Amino acid sequence: MARKKLMAANWKMYKTPDQARDFFHNFLPLVAGHGRDEIVVCPPFVDIRASVESSKNSSVSIGGQNLYWEKEGAYTGEISATMLVATGCTHVIIGHSERREYFGETDDTVNLKLKAALEADLTPIVCVGEVLEEREAGLTEDVLRRQCVRAFHAVSTKKAGKLVIAYEPVWAIGTGKTATPRMAADAHRLIRGEAAKTFGEEFANSMRILYGGSVKPENAKALMSEGEIDGALVGGASLDPKSFAAVVKY
Ligand code: PGA
């Protein structure tokens, strides 16, 4: 079954609302009429409103970079799934390796966040991936398996509906090093296998698995030509309208 590719921008902690508006002003004409792939931009929370307004009447969707699993409450500094939806988000990144590394996220919080996102009808982009020491120690498969099993815990096939996974080998993020299409494809097959165990073959075959880690205009085509790779999660190269458009149109 053909899976429509999802090309996602992760702006991380870059851009003010005005800079976000500028981005869309320049980016949208470059991808006007591009219907082959789905496009989503995930700006910092404070830029969501400007991004939603600027991308209105385009096919570009907006997503959050994180969420908290409770609906509301005394959780200073946090944002709920309902709030993301109310602001016009349709997607949300969950468990990015930077959140795991710097902000104490674990497989268990990823699971709670995933359930909250699905409950709110957001499309979750759940990030998994090994660090360099794990790859070198031959632990990549174990790590990916554990991250998937724990992320998917107690999520039913029916609820999992829009689940998207992003395979992001941590050693490839922001380093200029990319996994080869072959390495990524091997990891994707393993992840798809784990999804099949939890959600069944049919679901797993239709589930999109993105690759992330130094995707840029120069390597996007080779990566996206690999049948197992269903799109990209793009950090650095998504900040510039021309370079993200070039990735999208690989
Ligand atoms: P990068 O980031 O493209 O800058 O490597 C990818 C990501 O962290 O999602």
Side-chain angles (χ1 to χ4, degrees), residues 5-15 19-20 23 27 37-45 47-48 51 60-67 84 89 91-105 109-110 113-114 117 122-132 134-135 140 143-144 147-148 151 163-181 183-184 187-188 191 208-224 226 229-250:
K5 290 198 200 299
L6 173 63
M7 307 305 280
N10 174 13
W11 282 358
K12 310 193 178 186
M13 198 174 75
Y14 288 100
K15 295 190 194 293
Q19 291 168 333
F23 173 92
F27 176 68
D37 313 289
E38 233 177 282
I39 307 171
V40 55
V41 173
C42 302
F45 290 138
D47 300 338
I48 288 174
S51 300
V60 177
S61 307
I62 304 300
Q65 295 177 10
N66 182 28
L67 82 172
L84 288 178
C89 287
H91 294 65
V92 64
I93 298 172
I94 295 175
H96 189 278
S97 63
E98 286 150 17
R99 300 226 39 100
R100 295 180 192 248
E101 184 180 352
Y102 307 131
F103 304 102
E105 296 209 7
T109 60
V110 168
K113 290 179 179 200
L114 171 59
L122 286 162
T123 299
I125 304 174
V126 174
C127 303
V128 297
E130 79 286 0
V131 301
L132 186 61
E134 291 164 338
R135 175 158 285 267
T140 300
V143 170
L144 294 178
Q147 289 176 332
C148 287
L163 175 63
V164 173
I165 305 293
Y167 169 59
E168 298 206 305
V170 179
W171 47 269
I173 296 178
T175 57
K177 289 189 199 134
T178 337
T180 61
M183 273 158 98
H188 285 211
I191 293 165
R208 288 175 299 181
I209 306 178
L210 318 182
Y211 169 78
S214 300
V215 177
K216 44 187 180 255
E218 299 76 45
N219 60 24
K221 194 175 175 72
L223 287 161
M224 294 308 126
E226 169 55 62
I229 301 182
D230 307 315
L233 183 55
V234 190
S238 74
L239 294 170
D240 173 70
K242 281 206 194 84
S243 92
F244 188 48
V247 170
V248 167
K249 300 202 274 187
Y250 59 88

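Just follow the structure's listing: the first ligand is 1, and inside any ligand the first atom is 1. Fair warning: this is a prediction, and the values are worked out from it, not measured in the lab.
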Show which side-chain atoms of residues 229-246 pair as donor or acceptor with protein atoms under 3.5 Å away, not counting sequence neighbours.
{"unit_1": "Asp230", "atom_1": "OD1", "unit_2": "Arg3", "atom_2": "NE", "d": "2.9"}
{"unit_1": "Asp230", "atom_1": "OD1", "unit_2": "Arg3", "atom_2": "NH2", "d": "3.3"}
{"unit_1": "Asp230", "atom_1": "OD2", "unit_2": "Arg3", "atom_2": "NE", "d": "3.1"}
{"unit_1": "Asp230", "atom_1": "OD2", "unit_2": "Arg192", "atom_2": "NH2", "d": "2.7"}
{"unit_1": "Asp230", "atom_1": "OD2", "unit_2": "Ile209", "atom_2": "N", "d": "2.9"}
{"unit_1": "Ser238", "atom_1": "OG", "unit_2": "Val234", "atom_2": "O", "d": "3.1"}
{"unit_1": "Ser238", "atom_1": "OG", "unit_2": "Gly235", "atom_2": "O", "d": "2.7"}
{"unit_1": "Asp240", "atom_1": "OD2", "unit_2": "Lys242", "atom_2": "N", "d": "3.2"}
{"unit_1": "Asp240", "atom_1": "OD2", "unit_2": "Ser243", "atom_2": "N", "d": "2.9"}
{"unit_1": "Ser243", "atom_1": "OG", "unit_2": "Ala237", "atom_2": "O", "d": "2.5"}

Tell me, yes or no, whether the heavy-atom count around Phe45 atom CZ, taken from other residues, nucleotides or ligands under 6.0 Å, exceeds 12. yes
With Leu210, the side-chain contact (heavy atoms from CB on, under 4.5 Å) member among Ile165, Val215, Ile125: Ile125
What distance separates His96 NE2 from Asn66 CG, expressed to the nearest 0.5 Å? 11.0 Å
For Asp47, give me all partners under side chain to side chain donor-acceptor pair (under 3.5 Å), at least two apart in sequence or on another chain. none
Could I get the full list of side chain to side chain donor-acceptor pair (under 3.5 Å) partners for Lys5, not counting sequence neighbours? none
Please list, by chain and number, the protein residues whose heavy atoms come under 4.0 Å of ligand 1. Asn10, Lys12, His96, Glu168, Ala172, Ile173, Gly174, Gly213, Ser214, Leu233, Val234, Gly235, Gly236
